[in-house]
Structures are given as structure tokens and as C-alpha cells.
Amino acid sequence: NVFYKINVEIVQKNKNLVYLKKDAFFKNKLIKQSKIGVIIQARQGSTRLPNKVLKKINGFTIIQLLLARLVRSKTINKIIVAIPKNRLNFRLQKHLCANNIDYYKGSEQNVLKRYFDAAKKNKFDFIVRITSDCPLLEYNLLDQLVKFALKKNVDYVSNIRPASLPQGFSIEIFKFSALKKSYLKAKKNHQKEHVNYYIHENKMFNRSNFFIKNMNFSSKNFSIDFLRDLRFVEKVYKYFFPNVHFSLNDIAKNIKKYG
């Protein structure tokens, strides 16, 4: 069981960027019968913005900021960063090790297999899929979706079909049984390259969508795909700095101040 510990340099820079202690992090009060794990998809080989996951905002990498915002969750048991198993991602692996962040190395092209293997190894009952280019995701939204997924008890839940939030706040949750079925039955390349495509394309899965009313507050892109996106997300973080635990409502209320 790995927990996220901050080093001396980071503590000196920003006391608000803290990770929970091990006992608090792995305590799941909502449902003791299920093991709920977050798997964050990350890689260095982005063609649009190479090494974006290691880009820094106020001295912290994108992956550090994302983890700091998610680790306060009250509903999850573990967070894993799933990275490709190749030399190109050695810097990322080294960075994760240095920050005591749990990771799993798997297939680069077959991302579905990477997720399945990581979930199987950790014996997850429910998997939360998050991508590393969304550093503004926060634990309150995560917990809302987890509670919704447990209540609905369906194969797949997301907040993207249709979306009520801008890009950068996407969360998907699926049962391990659904992931396993996808892994065993997916034959086409695009179904292997994308974790969710087989579920979306087959009616055998029970699906549900989590929709937040009146929260479609911006056409801005809050995920980091290009350099301009990084600059925009930097403005958001710098507005709230040194606090890195600002909420989705905080972002919405101050949306005009980042432009």
C-alpha cells in the first residue's frame, strides 16, 4: 500500500500542497465490500505537447497537482498511474518513484490491456478512469460520481455522455467485470487503444450518465492538450495560489478572471 508523501522541498514551497496519511487515505467509509481504484492514464509521448505530464505550474508537475487534488477523496481505496512500459517514459517513472506515487507499467498501444492488467493486479471491483492532462479535477466531483455509480450499480457511469462540464473534468467509472469483458472481446485496434470504446459501442453494457445542472459554465478547455491550454490552466492555479484545493464552484465563480 503506497501513500503519497511530500518531500521537504515541496513543503517549503507550499504548505497547502499536502497528501493524506496512509491510514486516512485507505479508509473507505462508504462501501467496505468493494475496492474502488483510480487509474490515471499518463505518458510522455504526446505529439501535441510532449512531456506535458511533467510540465510545471508554480514549481509542481501536472501529475503532482492532480494527485494532490484527488487524494482527499473519501470514496476511493487506491490511486495508480498507468504508464507505457518503454524507455520513453523513464523520466516519468523516475518522477513517480521520487514522489512515492504508485504506478503500473503496461502496453503502450493496447491501453485497454494496460488498464485491465493494473486493475486485476490490484483486485479492483470498480475502476475510475482519469487522464493525466486534467489537473483541475478535484475530489468532491470524484466522490459524487463514485456515490452515483455505487447507487446505480450499472456497468459504466460517466459525466461525458452528454457532458455538463467543460473538457478537463471527465470521469468514467466501470465495474471490473465490464472491463474484463471488454478486454476479452475487443478485437479492433481502436477498441484496444481506447479503454471505453468497446463499452460505448456495445448495448450489452448497462450505462448511466451523471449530469450536473447549470454547470456548463464555459467553452474553455481546462484539459492540457496544447501549450495554450497549459498557459490557461496556469492562470487558474496562479489565481488561487498558494491554495491548490480550490473547488469546481470556485473555478466557475471566477471564470472571467482567467482570460
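One-based numbering along the sequence shown.
No side-chain heavy atom of Lys113 sits under 4.5 Å from any side-chain heavy atom of Lys192. Between Phe169 and Phe222, the closest side-chain pair of non-hydrogen atoms falls below 4.5 Å. Two residues are said to be in side-chain contact when any heavy atoms from C-beta on lie closer than 4.5 Å; Val111 and His194 fail this criterion. Two residues are said to be in side-chain contact when any heavy atoms from C-beta on lie closer than 4.5 Å; Ile212 and Asn159 fail this criterion. Using a 4.5 Å heavy-atom cutoff, the side chains of Ile36 and Leu150 are in contact. Taking the side chain as every heavy atom from C-beta outward, Phe174 and Val154 never approach each other to under 4.5 Å. For the pair Ile160 and Leu165, the minimum side-chain heavy-atom distance is 4.5 Å or more. Within the 4.5 Å cutoff, the side chain of Thr61 has heavy atoms near those of the His95 side chain.
Of the residues listed (Val53, Val38, Ile101), the one engaging Val81 in a side chain to side chain contact (heavy atoms under 4.5 Å, CB included) is Ile101, and it is the only one. Partner Tyr183 forms a ring-ring contact (aromatic ring centres under 6.0 Å, His included) with one of Phe176, Tyr198, Phe116 and no other, that one being Phe116.
Contact detail for Ile62 and Lys52: the closest heavy-atom pair is CG1-O, 3.3 Å. The shortest heavy-atom contact between Thr131 and Ile40 is C-CG2, 4.1 Å. Nearest heavy-atom pair, Ala82 versus Ile39, reported as atom, atom and distance to 0.1 Å: CB-CG2, 3.7 Å. Shown here for Gly168 and Cys134, the closest heavy-atom pair between the two residues is O-CB, 3.3 Å. Closest approach of Phe240 to Asn254, counting heavy atoms only: CZ-ND2, 3.9 Å. Nearest heavy atom pair, residue Ser182 against residue Leu112, reads O-CD2, 3.6 Å.
Side-chain contact of Glu193 with Gln109: a donor-acceptor pair under 3.5 Å is absent, judged by distance alone. Counting only N and O atoms by type, the side chains of Asn153 and Lys175 include a donor and acceptor under 3.5 Å apart. Under the 3.5 Å distance criterion, with hydrogens and angles disregarded, a donor-acceptor pair is assigned to the side chains of Tyr239 and Lys257. Side-chain N/O atoms of Asn221 and Ser223 include a donor and acceptor closer than 3.5 Å.
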CA sep, side-chain torsions, deciding dist, call: Thr75, Asp143, side-chain hydrogen bond (donor to acceptor under 3.5 Å, both in side chains): CA-CA 6 Å; Thr75 65; Asp143 285 349; 2.7 Å; yes

Steps toward side-chain hydrogen bond (donor to acceptor under 3.5 Å, both in side chains) verdict (His200, Gln191): CA-CA 10 Å; His200 290 171; Gln191 295 171 339; over 6 Å; no

Residues Asn51, Arg91; criterion side chain to side chain contact (heavy atoms under 4.5 Å, CB included); working and verdict: CA-CA 9 Å; Asn51 299 315; Arg91 280 184 58 209; 3.9 Å; yes

Check against side-chain hydrogen bond (donor to acceptor under 3.5 Å, both in side chains), Asn86 and Asn89: CA-CA 6 Å; Asn86 56 31; Asn89 289 275; 2.7 Å; yes

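In this structure, the ring of Phe60 has its center no less than 6.0 angstrom from the ring center of Tyr237. Under the 6.0 Å cut-off for aromatic ring centres, His245 and Tyr139 do not qualify, their centroids lying 6.0 Å or more apart.
Relative to the six-membered ring of Phe246, Arg69 meets both conditions, a distance below 6.0 Å and an angle of at most 45° to the axis.
Atom CD in Glu108 sits 7.5 Å away from atom CZ in Arg43 (nearest 0.5 Å).
Between Asp155 and Arg207, none of the side-chain N atoms (NZ, or NE/NH1/NH2) sits under 4.0 Å from a carboxylate O, so this pair counts as no salt bridge. A salt bridge is defined here as a Lys NZ or Arg NE, NH1 or NH2 lying under 4.0 Å from an Asp or Glu carboxylate O, and Asp102 with Lys78 meets this definition. The pair Arg48-Asp225 meets the salt-bridge criterion, with a side-chain N (NZ, NE, NH1 or NH2) lying under 4.0 Å from an Asp/Glu carboxylate O.
Residues Val157 and Leu248 share a hydrophobic cluster, clusters being chains of Ile/Leu/Val/Met/Phe/Trp/Tyr side chains in contact below 4.5 Å. With hydrophobic clusters built from ILVMFWY side chains whose heavy atoms lie under 4.5 angstrom apart, Leu88 does not share a cluster with Ile83.
Residue Phe226 places its CZ atom among more than 12 non-hydrogen atoms of other residues, nucleotides or ligands, all under 6.0 Å distant. Counting heavy-atom neighbours within 6.0 Å of Phe148 CZ, excluding the residue itself, gives a total above 12.
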